[in-house]
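A, B, ... follow the sequence lines: proteins, then strands. Residue 1 opens every chain. These values consider heavy atoms only, across backbone and side chains, with no hydrogens, waters or symmetry-generated copies.
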There are 2 protein chains.
Amino acid sequence: MKEGPNIARIAALIGDPARANMLTALMTGKALTASELAAEAGVTLQTASSHLTKLDQGGLLRQRKQGRHKYFALAHDDVASVLEALMGLAAGQGHLRTRIGPKDPELRRARVCYNHLAGDLGIQMYDSMTSRGFLKHDDKVLTLTDQGRNFITKFGIDLTGLDQQKAPMCLECLDWSERRSHLAGSLGRALLSHMEALGWVKRTQGSRVVSVTSKGQTAFAKAFPAQ
Amino acid sequence: MKEGPNIARIAALIGDPARANMLTALMTGKALTASELAAEAGVTLQTASSHLTKLDQGGLLRQRKQGRHKYFALAHDDVASVLEALMGLAAGQGHLRTRIGPKDPELRRARVCYNHLAGDLGIQMYDSMTSRGFLKHDDKVLTLTDQGRNFITKFGIDLTGLDQQKAPMCLECLDWSERRSHLAGSLGRALLSHMEALGWVKRTQGSRVVSVTSKGQTAFAKAFPAQ
DNA sequence: TTCATAGTTCGATCATAATCGAAGCGTGAA
DNA sequence: TTCACGCTTCGATTATGATCGAACTATGAA
């Protein structure tokens with residue numbers, strides 16, 4: 001009988017304040033990195049790492065490694081249901097605690113992700129290029145079509161340099177805030193730096209925010225129209 | 001930041017195996033004495049007393065003293081909801097080796113779950129409606145088909161009221177005793193209250209048991225035949 | 001009264017696990 | 001290559017709390 005029933009296991013996982021904070025932060029549906037979750041929970045990265053391992057082994061989280069970041073999200077809707085039920089009960093008891101404010105809307109709009117463009121803008125670019133046949137998505141491999149090469153060259157990017165690199169030119173990168181794909185790889189990086197050179201966007205030092213200039217606003221919409 | 005959010009407090013209360021056993025035992029809706037709960041949890045009376053004090057202070061239990069006995073019951077339906085959600089999650093993970101489902105056969109047969117019908121009866125209703133094409137399960141979204149709308153209307157439920165509500169009409173709810181789906185959402189609630197109005201079922205006060213009248217027995221089988 | 005039963009309180013023991021510093025690992029950028 | 005960064009692992013400390021024996025209180029029965 002020392003072997004507790006499984007609901008105790010799960011409840012105990014949620015029952016630690018640090019872990020509860022992390023799970024609460026993940027209820028927005030967005031995936032967050034280990035560092036972000038550590039900050040949310042108010043513990044060091046080491047401690048957070050330990051907690052995240054436990055939550056993952058407990059089946060409450062789904063994780064995805066991307067570059068040197070590790071993104072965590074709730075494993076399933078069931079998990080959110082439990083949290084919601086708990087919050088309902090807690091709220092009914094009047095011990096309500098306000099949640100932390102929403103993320104920076106600027107970050108949501110456009111941000112740097114490994115030197116390429118992510119956020120709303122990144123997705124719009126990806127979608128526009130895909131639907132116009134510039135990018136082709138075959139069997140998990142993303143390639144630039146001939147039409148696409150033409151478009152990119154006209155846009156002012158020299159593809160010969162990129163062709164010679166060993167690193168893949170086109171990669172898909174899953175945008176966790178939007179849960180959609182955007183363009184990574186050397187072409188993704190080249191596009192961002194070129195747009196910066198054109199004065200369309202400005203990268204904010206020490207932040208991941210990419211701000212769009214008024215000139216960039218219209219130029220971008222023209223170059224990458226939503227279909 | 002040491003001050004944990006309230007959901008951690010509650011989850012931690014449920015997170016102890018002994019307490020989880022007690023709470024599980026109380027899910028039948030019956031009130032149990034401290035000694036009985038101690039036996040259920042497999043701990044001594046002293047330990048049980050300590051746990052029960054904590055559960056009570058945490059607002060999860062309601063207690064009634066009668067003679068030299070002290071009876072405990074779940075404080076509210078919210079508490080049962082949390083436990084049910086936890087059990088659903090635990091069952092979904094396949095980590096279940098402990099007893100599943102309520103011991104009480106009445107509860108297993110039919111019970112209230114968020115104001116809709118759960119247990120054998122709830123599943124039979126769901127299965128019957130699904131296999132007759134009244135409910136359609138597409139891409140995680142459950143919808144009422146035109147045939148279904150027709151059926152429900154003939155059954156005596158006014159759908160216009162439900163259509164106007166923001167809350168989803170059809171939701172799936174995992175039945176923790178049977179590990180099958182049953183119908184939740186506003187339609188699920190409407191069906192239960194309508195069957196109550198028809199005199200098919202009776203909800204037992206202070207308990208989650210739904211008892212089926214003899215009239216309801218046959219009527220239900222006719223309205224929701226197993227295919 | 002005396003006894004038995006139901007439950008609580010106290011105190012000591014013991015196990016668990018939360019925490020963080022320090023060091024190590026892997027990836028990306030220059 | 002070197003450096004920076006994100007994250008993990010290890011180890012030690014520390015706090016918490018689950019557990020039960022023993023003593024105590026309260027209620028009911030004889």
For this session: Send over the distance from A:D56 CG to D:dT9 C1', rounded to a whole Å.
Result: 16 Å
Exercise. Roughly how many Å is it from CG in B:L45 to P in D:dG21, rounded to a whole number?
Worked result: 12 Å
For this session: Look at the side-chain N and O atoms of A:H51 and state whether any lies under 4.0 Å from the OP1 or OP2 oxygen of C:dT19.
Result: yes
For this session: Grab the CG-C1' distance between B:D16 and C:dA15 for me, whole Å please.
Result: 13 Å
Problem set entry | Whole-Å distance separating the CG atom of A:L52 from the P atom of D:dC7 | 9 Å
Exercise. Nearest to the side chain of A:V43, which nucleotide is it out of C:dC20, D:dT19, D:dT9?
Worked result: C:dC20
For this session: Specify the separation, in whole Å, of atom CG of A:L55 and atom C1' of D:dT8.
Result: 16 Å
Problem set entry | Phosphate contact (C:dG28 OP1 or OP2) by A:R189 side-chain N/O below 4.0 Å | no
For this session: Could you tell me whether B:T53 contacts a base, only the sugar-phosphate backbone, or nothing, with contacts defined as non-hydrogen atoms closer than 4.0 Å?
Result: nothing
Exercise. Got a donor-acceptor pair under 3.5 Å from the side chain of B:Q46 to the base of C:dG7?
Worked result: no
Problem set entry | Sugar-phosphate only, base, or nothing, as touched by A:K65 at under 4.0 Å among non-hydrogen atoms | nothing
Problem set entry | Among D:dT19, C:dA18, D:dG6, the nucleotide that comes nearest once only the side chain of B:S50 is considered | D:dT19
Problem set entry | Distance test, side-chain N/O of B:K70 to OP1/OP2 of C:dT8, below 4.0 Å | yes
For this session: Taking the six-membered ring for Trp and the full ring for Phe, Tyr or His, determine whether the centres of A:F155 and A:W200 are under 6.0 Å apart.
Result: yes
Exercise. Which whole-number value in Å describes the distance from A:R64 CZ to D:dG6 P?
Worked result: 19 Å
Exercise. Has B:S49 got a side-chain N or O lying under 4.0 Å from the OP1 or OP2 atom of C:dT8?
Worked result: yes
Problem set entry | Separation of D:dA18 P from B:N21 CG (nearest whole Å) | 14 Å
Exercise. In whole angstrom, what separates A:L13's CG from C:dA17's C1'?
Worked result: 12 Å
Exercise. A:S35 side chain N/O closer than 4.0 Å to the phosphate oxygens (OP1, OP2) of D:dG6?
Worked result: no
Problem set entry | Under-4.0 Å side-chain N/O to phosphate OP1/OP2 contact, A:K54 with C:dA18 | yes
For this session: Report yes if some heavy atom in the side chain of A:I152 is under 4.5 Å from a heavy atom in the side chain of A:M129; otherwise report no.
Result: yes
Exercise. Are A:F151 and A:F224 close enough that their ring centres sit under 6.0 Å apart?
Worked result: yes
Exercise. Where do B:A75 and B:R62 come nearest, in terms of heavy atoms and distance?
Worked result: O-NE, 3.6 Å
Exercise. According to a strict under-4.0 Å criterion, is A:T44 in side-chain N/O contact with OP1 or OP2 of C:dC20?
Worked result: yes
Problem set entry | Of the listed nucleotides D:dC20, D:dT19, D:dA18, the one nearest the side chain of B:A18 | D:dT19
Problem set entry | Salt bridge B:E84-B:R111, side-chain N to carboxylate O under 4.0 Å | yes
Exercise. Do the non-hydrogen side-chain atoms of A:C170 and A:L183 ever get within less than 4.5 Å of each other?
Worked result: yes
